[in-house]
Amino acid sequence: MKKTPSSLVHGLRRRALVLPLAALVTGAPALADDDLRNWFDDPFFQITAAVPDCPLPAGPYTDESDKRIQSHRRAEKGTTCWLAKECDRPSAYAYDADIANEVSAAMRERHPFADTTLWVTVQGRVVYIEGCVARPSQEAEIEAFVRALPHVQRAMAIVRTESSGRVPYRLRQPR
């Protein structure tokens, strides 16, 4: 069966979305900081620090090869939001700094997850929360908390609940 151009494009788009998520979920090995860079200047910051020895996530730091893979997907996602009239701003990524400020302010004001160690990455109105929590139920609570903030399209908590458990996110080696 011969593939049509539209089915090829659909397949490529699906792979472009799945590859970055697969790296997050598979718990890829730690990468040295020398190999990583925040190429797109995505907001990345720690919001809580109560769980000792919680591994530092790689966050938006990636190597140059992954940067090239992400570039096309990010350009398409950014402008699609505007063209579909789902965004007031010309790019989904134009909201990221404001979302980061909202997450920080909400955490400072409410202190809802004091028994956690969490880092936040904001990319195109999607908020990734990575780190360690005390209870499994906190994963859904964190996602709901962040999703309720202005301009957030999606929130994904990728967390470890047991100190000896497998880390479900990519790691970054501290300097």
Side-chain angles (χ1 to χ4, degrees), residues 6 9-28 36-48 56-62 66-113 116-133 135-161 167-172:
S6 64
V9 169
H10 178 70
L12 290 172
R13 282 185 187 153
R14 192 171 60 226
R15 280 188 205 100
L17 292 171
V18 170
L19 288 174
L21 287 175
L24 283 173
V25 174
T26 60
L36 303 175
R37 192 168 148 195
N38 186 354
W39 297 95
F40 305 102
D41 203 23
D42 295 322
F44 176 69
F45 54 96
Q46 188 168 8
I47 55 173
T48 61
L56 176 67
Y61 290 80
T62 186
D66 194 39
K67 172 199 153 204
R68 286 191 293 272
I69 293 168
Q70 287 187 35
S71 291
H72 176 73
R73 178 185 58 83
R74 291 173 70 101
E76 182 179 17
K77 175 184 168 92
T79 56
T80 299
C81 178
W82 171 258
L83 294 172
K85 297 183 181 359
E86 295 172 354
C87 295
D88 301 357
R89 301 174 190 176
S91 172
Y93 296 93
Y95 293 90
D96 291 353
D98 291 343
I99 291 170
N101 290 334
E102 288 288 337
V103 170
S104 293
M107 290 300 292
R108 275 192 315 273
E109 291 169 11
R110 301 179 210 162
H111 304 286
F113 307 107
T116 65
T117 294
L118 301 170
W119 289 266
V120 170
T121 303
V122 185
Q123 296 176 322
R125 298 177 60 199
V126 177
V127 181
Y128 299 93
I129 308 98
E130 299 170 307
C132 303
V133 297
R135 299 176 314 281
S137 63
Q138 288 177 301
E139 184 174 346
E141 294 167 8
I142 291 165
E143 288 177 355
F145 178 83
V146 172
R147 209 175 16 256
L149 298 173
H151 305 297
V152 173
Q153 181 181 44
R154 188 174 331 140
M156 294 177 58
I158 306 165
V159 295
R160 179 175 79 177
T161 56
V167 177
Y169 50 84
R170 281 186 320 128
L171 301 176
R172 183 166 146 222

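Using the six-membered ring where Trp is involved, Tyr61 and Phe44 have ring planes that are perpendicular, over 60° apart on the 30 and 60° scheme.
With contacts defined as side-chain heavy-atom distances shorter than 4.5 Å, the pair Val122/Tyr95 does not qualify. Cys87 places none of its side-chain heavy atoms less than 4.5 Å from the side chain of His151.
Here the straight-line distance linking atom CG of Leu118 with atom CE of Met107 works out to 6.5 Å at 0.5 Å rounding. Annotation: the span from Arg68 atom CZ to Thr62 atom OG1 amounts to 10.5 Å, rounded to 0.5 Å. Note that SG of Cys81 and CD of Gln153 are 6.5 Å apart. Values are rounded to the nearest 0.5 Å. To the nearest 0.5 Å, atoms CD1 (Ile47) and CH2 (Trp119) are separated by 10.5 Å. Note: Glu130 CD to Ile158 CD1 = 5.0 Å, rounded to the nearest 0.5 Å. Between Thr121 atom OG1 and Ile129 atom CD1 the span is 9.0 Å, to the nearest 0.5 Å.
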Problem set entry | Check against side-chain contact (heavy atoms from CB on, under 4.5 Å), Leu149 and Val103 | CA-CA 7 Å; Leu149 298 173; Val103 170; 3.6 Å; yes
Exercise. Given Phe113 and Val133, is the side-chain contact (heavy atoms from CB on, under 4.5 Å) satisfied, shown in steps?
Worked result: CA-CA 8 Å; Phe113 307 107; Val133 297; over 6 Å; no
For this session: Could you give me the CA-CA distance, side-chain angles and deciding distance for Thr116 and Gln138, then say whether side-chain contact (heavy atoms from CB on, under 4.5 Å) is met?
Result: CA-CA 9 Å; Thr116 65; Gln138 288 177 301; 3.6 Å; yes
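The side-chain contact (heavy atoms from CB on, under 4.5 Å) test applied to Thr79 returns no partner, not counting sequence neighbours. Partners of Arg110 under the salt bridge (Lys or Arg N to Asp or Glu O under 4.0 Å) rule, at least two apart in sequence or in another chain, do not exist in this structure. The salt bridge (Lys or Arg N to Asp or Glu O under 4.0 Å) search around Arg89 returns Asp98, not counting sequence neighbours.
Although no hydrogens or angles enter the test, the distance criterion places no donor-acceptor pair under 3.5 Å between the side chain of Glu109 and the main chain of Ala106. Put simply, the side chain of Ser104 never gets that close to the backbone of Asn101: no donor and acceptor are under 3.5 Å apart. Without hydrogens or angle criteria, Arg160 side chain to Val167 main chain gives no donor-acceptor distance under 3.5 Å. Judged by distance alone, the side chain of Ser91 and the main-chain N or O of Tyr93 form a donor-acceptor pair under 3.5 Å. Without hydrogens or angle criteria, His111 side chain to Arg108 main chain gives a donor-acceptor distance under 3.5 Å. A donor-acceptor pair under 3.5 Å is formed between the side chain of Glu143 and the backbone N or O of Ala157. Proximity of a side-chain donor or acceptor of Asp96 to a complementary backbone N or O of Pro43 within less than 3.5 Å is not detected.
Of all heavy-atom pairs between Pro150 and Glu102, the closest is CD-OE1, 3.9 Å. Nearest heavy atoms, Arg172 versus Ala58: CB-CA, 3.4 Å. Counting all heavy atoms, side chain and backbone alike, Val146 lies closest to Val152 at O-CG2, 3.5 Å. Of all the heavy atoms in Phe40 and Gln70, the pair that sits closest is CE1-OE1, 3.7 Å. Of all non-hydrogen atoms in Lys77 and Val126, the two that sit nearest each other are NZ-CG2, 3.8 Å. Closest non-hydrogen pair, Arg170 versus Gly59, comes out as NH2-O, 3.4 Å.
At a threshold of 4.0 Å, the pair Asp42-Arg74 counts as salt-bridged, since one of the basic side-chain nitrogens sits closer than that to a carboxylate oxygen.
Aromatic ring centroids of Tyr169 and Tyr128 lie 6.0 Å or more apart.
Under the 3.5 Å distance criterion, with hydrogens and angles disregarded, no donor-acceptor pair is assigned to the side chains of Thr48 and Thr117.
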